[in-house]
Amino acid sequence: MEREGHLFDIFYTTEKDEPVINLYIKTDEEVVIARDTDFQPYMYIIPREGKKKDLKRKLEGLKFEEKGDRIKIFSIDEKKKKDLQDEKTVLKAYVKHPRHIPKLKEKIKDWEDIAQISEYDIPFYKRYLIDKQLKPPSKVYVKGVEIETDGEIKKIALEDVEQKDEKDILEPDILAFDLEVVDEKVVMCSFYKKGFNKVLVTYEQDYKEEYVEIVGNEKKLLRRIQNIFRNQDYTVITGYNTDQYDFKVLRDRFDEHGIDFEIGGHDEVRFKRRGRNYAAKVRGRIHIDLYPFVSTVISRTLDSETLDLNSVAEEVIGKSKEDMEWSDIKKSWENKENLDMLASYALKDSKLAHELAENIVPQIFSLSSLIGMTPFDTCRTSYGQLVENYLIKEAAIKNILVPNRPTQYQIKDRRTSGRFTGAFVYEPEKGLYENIALFDFKSLYPTIIVSHNISPDSLEREGCGDELKIEVGDEVYSFCQEEKGFFPEILENLVTERYNIKKEMKELGKKTQAYRNNYNRQNALKILSNAFYGYMGYSSARWYSRESAEATTKLGRDYIKKTIDMAEEMGLEVVYGDTDSVFLSAENIGEKTEEFGKKINSELPGLMELELEGMFKRGFFTYTNKGKGAKKKYALLKNNGELKITGFEYVRRDWSPIAKETQKKVLQQVLERDVEGAYNSVKTVIEKLKKGDIPLEKLKIYTTLTKRPENYDTKAPHVEAAKKAIKKGEKIKPGDTVDYIITNRGKTISEKAQITKYADNYDAEYYIEKQIIPVSERVLKVFGYTTSQLKGEGKQSGLDRFS
DNA sequence: CTTGACCGGGG
DNA sequence: GTGTACGGTCAAG
């Protein structure tokens with residue numbers, strides 16, 4: 001029988017000591033598992049010069065036992081493969097089971113006749129996706145017969161699987177959930193899905209809302225959670241930080257009550273180790289934890305420096321919820337007060353996660369299908385893995401041998417010896433500027449790599465007749481231009497496809513599905529192509545090439561400097577420049593921009609292009625404590641009055657709300673040319689602080705405890721505050737975020753720190769000196785104000801220098 | 001200046 | 001699981 005469906009997950013099982021690949025496929029009607037029993041594990045062994053025959057004979061005769069495992073190579077194919085610059089004959093050695101691969105490698109690694117062993121550490125399921133060129137969660141075609149099973153899921157004995165259109169991607173059907181936990185017990189669990197929202201509660205009382213369901217006790221709550229997870233119709237199960245929190249709590253509570261943690265319908269939730277963390281794998285569903293993806297990928301496009309659900313949702317989808325204080329959640333539950341509010345808070349959390357997922361999951365899916373990884377892996381990826389997975393997939397197609405991962409020793413070595421000059425920064429002269437045009441290079445590094453053929457396989461190529469020599473410091477690197485390199489060829493395709501899609505998008509209505517799909521695809525292309533440069537200099541990369549990375553930044557510096565020179569020649573004032581962007585100012589900036597853009601672009605090679613990113617009415621630039629122009633710290637005022645603030649403290653959570661509010665206000669007033677007003681705002685806040693007029697709410701500072709307070713060697717305010725609270729009977733454990741106030745009792749800051757709950761006064765001096773002054777000084781010293789003036793101690797002087 | 005500890009998200 | 005993967009900041013050395 002033949003059918004089509006979206007391949008959304010893959011893993012292997014061992015049956016009768018043979019590996020079986022299981023493909024999870026969602027067809028229009030149901031989810032099926034297609035089972036492939038024919039895929040064989042292998043690795044490559046490269047013989048030394050002239051030793052091929054000897055080696056092959058020895059390998060064929062090899063038989064050994066390890067921990068009861070009888071291991072032998074049961075067949076060897078000879079292949080030709082490209083190894084960076086040379087073509088080599090390699091032996092493709094097949095074994096019976098994936099776990100034999102590392103054992104075989106260990107056994108033969110010191111053999112005289114072997115020059116190198118390759119591709120021995122590519123997980124079996126990934127190998128399958130790569131070799132079959134499958135791109136989850138896009139559409140595949142499968143052929144096979146149904147197998148009789150007693151389970152709920154239909155199984156197919158796979159005869160053939162083929163990738164269809166990789167742009168035909170699974171439509172996610174999302175269930176979001178969220179736990180409320182008090183004293184390490186689950187007291188509420190909320191669910192949100194289209195047409196289904198529910199809050200399970202263990203405490204019995206009259207609840208106003210119909211979504212509340214009373215379940216009596218924690219054990220019944222867990223049973224009901226299990227029931228909902230199993231029986232609701234959905235493909236994606238999601239939440240925020242569910243790997244590190246919700247799923248772990250659930251596992252512990254299921255354990256405690258002696259219930260099997262089975263929620264996928266036919267298998268236990270598995271915790272897969274990924275570096276120092278674990279990821280919860282639910283077979284039959286796609287468990288997407290939004291947080292790791294937000295923190296590695298989405299965060300780059302965000303202004304917010306904190307990545308809590310609320311701030312992220314606010315920026316990504318423009319929505320947030322009224323946050324409930326942690327202490328209030330606890331209080332509400334302990335006193336059984338306001339439980340309706342607590343339930344609605346719980347529902348809002350999963351609703352928000354759901355809305356965020358509606359936006360982010362399609363991005364993850366699109367990236368998955370481009371890279372060829374499962375969505376499960378993609379949402380937990382690092383940039384290094386993203387690039388490397390793609391490279392391995394492309395290497396297989398181009399018959400290139402995958403380089404081995406560096407050893408720990410090599411990684412250390414690369415880290416210490418591999419530092420090199422980065423991007424060029426044109427430091428801003430502090431102050432206010434009018435009429436600003438912001439130009440930047442479209443995909444600067446990718447286009448440099450393509451236009452100059454920067455690639456590990458083009459580097460120092462012997463006998464090359466057309467070399468590009470790049471001087472970096474004392475070194476000269478040469479890149480052969482005769483043949484397109486591995487990286488440039490890939491990047492050219494990625495960048496060109498993205499340009500084409502963006503063109504296509506202009507013809508489409510923004511609300512159409514086609515537009516959204518295209519948007520996500522071009523976004524995935526952008527994420528991937530922008531990651532290549534970093535990958536070349538990433539110490540754990542298989543295709544590490546410090547020389548290529550160095551050459552890329554060198555060329556980048558040259559291009560941005562050339563841009564700055566040309567701008568100056570044309571009489572434009574250069575305000576600030578960083579890596580790939582320049583801020584230019586001129587009275588008649590509107591007229592000059594077009595001419596400038598045309599001139600620059602006529603001189604740029606190949607795919608390279610400088611683009612006008614935006615025009616601003618006014619901009620504010622500041623400098624660092626050392627008196628140099630501050631990088632990446634500026635505030636811009638758009639023509640429509642909107643503010644764009646970059647790099648200032650006001651977004652960070654380790655500052656008190658009053659400090660953040662004050663800084664934002666000051667920046668706003670400064671940009672409106674009301675410097676004196678800004679100064680007065682600071683003075684007013686300081687006065688209020690002195691009088692004790694600022695509510696404690698605005699003075700809280702948040703920090704998380706990562707271990708038990710008594711285990712800290714250093715005296716930090718949040719630790720000391722926690723210790724004092726514990727003495728008073730408060731329960732605070734590792735992982736808790738404490739909010740504290742610096743009070744006026746005690747000598748050192750640590751002595752003065754008290755959990756908000758136990759604080760009834762504040763140390764005005766501290767908040768003025770350590771919070772308000774530093775954040776406002778950062779802005780106002782540019783206009784000649786000194787610290788003592790801000791404190792109201794000195795006279796004003798030189799105020800109009802910049803106004 | 002280098003090294004090592006700490007921290008993120010969640011309740 | 002063809003295992004054992006972050007990156008930035010800040011105080012201490």
Side-chain angles (χ1 to χ4, degrees), chain A residues 11-14 19 40-44 93-95 97-106 117-128 178-188 239-249 270 272-279 281 289-296 299 305-312 323-330 333 342 345-346 349 353 377 380-385 388 402 405 408 411 415-416 534 538-541 652-654 702-707 711-716 718-719 731 733-737:
Chain A
F11 63 90
Y12 84 89
T13 50
T14 302
Q40 292 166 348
Y42 64 87
M43 64 189 197
Y44 294 110
Y94 292 90
V95 293
H97 197 277
R99 69 169 183 270
H100 296 171
I101 294 276
K103 291 175 179 170
L104 174 62
K105 181 233 163 195
E106 275 307 303
I117 309 175
S118 292
E119 305 195 19
Y120 51 79
D121 58 358
I122 294 165
F124 193 52
Y125 75 96
K126 283 194 180 172
R127 179 91 266 174
Y128 190 88
D178 179 52
L179 300 179
E180 303 307 322
V181 179
V182 175
D183 294 337
E184 293 173 57
K185 288 194 179 76
V186 184
V187 299
M188 287 188 188
Y240 203 74
N241 206 22
T242 40
D243 274 343
Q244 305 310 313
Y245 192 74
D246 304 67
F247 270 108
K248 275 190 185 157
V249 169
R270 286 153 194 264
K272 304 234 162 199
R273 195 169 176 168
R274 306 179 74 82
R276 79 199 96 266
N277 296 330
Y278 284 89
K281 182 113 185 157
D289 184 351
L290 296 169
Y291 171 66
F293 191 76
V294 164
S295 105
T296 51
S299 67
E305 291 194 34
T306 58
L307 298 176
D308 53 289
L309 176 58
N310 231 10
S311 355
V312 172
D323 229 348
M324 214 170 147
E325 289 297 334
W326 301 308
S327 51
D328 293 340
I329 292 175
K330 224 179 138 181
W333 183 255
L342 189 55
Y345 163 82
D349 243 2
D377 283 340
R380 296 165 177 86
T381 187
S382 67
Y383 272 92
Q385 284 172 50
E388 199 147 279
V402 176
R405 282 151 75 169
Q408 281 306 313
I411 292 173
R415 269 194 197 140
T416 47
Y538 167 53
S539 55
S540 307
R652 298 173 58 108
R653 87 162 183 185
D654 45 359
Y702 294 98
T703 315
T704 305
L705 280 174
T706 50
K707 48 187 181 183
N711 294 346
Y712 280 84
D713 296 330
T714 48
K715 274 197 178 181
H718 70 289
V719 176
K731 282 179 195 156
K733 50 182 198 327
D736 287 354
T737 300

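Nothing here was measured: the structure is a model prediction, and the numbers come from that model. Below, read A as the first sequence line, B as the second, and so on, with proteins coming before strands; counting in each chain starts at 1.
For A:Lys103, the salt bridge (charged side-chain N to carboxylate O under 4.0 Å, His left out) criterion is met by A:Asp69, not counting sequence neighbours. The ring-ring contact (aromatic ring centres under 6.0 Å, His included) test applied to A:Phe293 returns no partner, not counting sequence neighbours.
Distance, A:Tyr125 OH to C:dG1 C1': 10 Å, rounded to whole Å. Rounded to a whole Å, the OH atom of A:Tyr278 is 11 Å from the C1' atom of C:dG3. Computed from coordinates, the A:Glu106 CD to C:dG1 C1' distance equals 16 Å when rounded to whole Å. Atom CZ in A:Phe293 sits roughly 22 Å away from atom P in C:dA5 (whole-Å rounding). Following rounding to the nearest Å, A:Met43 (CE) and C:dG1 (P) show an atom-to-atom distance of 20 Å. Note: CD (A:Gln408) to C1' (C:dA5) measures 10 Å, nearest angstrom. Per the geometry, CZ belonging to A:Arg415 stands 15 Å off C1' belonging to B:dT2, to the nearest Å. Between the OH atom of A:Tyr291 and the P atom of B:dC7 there is a distance of 14 Å, rounded to whole Å.
Rounded to whole Å, the separation between the C1' atoms of C:dT9 and B:dG10 comes to 22 Å. Look at the P atom in both C:dA5 and C:dG1: the space between them is 12 Å, to the nearest Å.
Residue-level contact check: A:Tyr42 touches the bases, meaning some heavy atom is under 4.0 Å from a base atom. Residue contacts for A:Lys272: at a heavy-atom cut-off of 4.0 Å it reaches the sugar-phosphate backbone alone, with no base atom in range. Nucleic acid contact for A:Asp289: none, since no nucleic acid atom lies under 4.0 Å from a heavy atom of the residue. Using a 4.0 Å heavy-atom distance criterion, A:Leu104 is classed as making no nucleic acid contact. If you check every strand for non-hydrogen atoms under 4.0 Å, A:Tyr240 touches sugar and phosphate atoms only.
Which of C:dG1, B:dG10, C:dT4 sits closest to the side chain of A:Arg273 comes down to C:dT4. The side chain of A:Leu307 lies closest to B:dG9, out of C:dG1, B:dG9, B:dG10. Considering only the side chain of A:Gln385, C:dA5 comes nearest among C:dT4, C:dA5, B:dG10. Taking only side-chain atoms of A:Tyr538, from C-beta outward, the nucleotide of B:dG10, C:dG7, C:dG1 with the closest atom is C:dG7. The side chain of A:Asp121 has C:dG3 as its nearest neighbour among C:dG3, B:dG10, B:dG8. The side chain of A:Asp308 lies closest to B:dG10 when the candidates are B:dG10, C:dA5, C:dG3.
In terms of phosphate contacts, A:His718 brings a side-chain nitrogen or oxygen within less than 4.0 Å of OP1 or OP2 of B:dC7. Remark: A:Arg405 is in phosphate contact with C:dT4, judged by side-chain N or O atoms under 4.0 Å from OP1 or OP2.
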>> Is there a side chain to side chain contact (heavy atoms under 4.5 Å, CB included) between A:Met188 and A:Tyr345? Walk through the geometry before answering.
In response: CA-CA 11 Å; A:Met188 287 188 188; A:Tyr345 163 82; over 6 Å; no

Q: I would like to know whether A:Val95 and A:Leu104 meet side chain to side chain contact (heavy atoms under 4.5 Å, CB included); could you show each step before the answer?
A: CA-CA 9 Å; A:Val95 293; A:Leu104 174 62; 3.8 Å; yes

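The only member of A:Lys272, A:Gln385, A:Lys126 that meets side chain to side chain contact (heavy atoms under 4.5 Å, CB included) when paired with A:Asp377 is A:Lys126.
A salt bridge does not link A:Lys105 with A:Asp121: none of the charged nitrogens is closer than 4.0 Å to a carboxylate oxygen.
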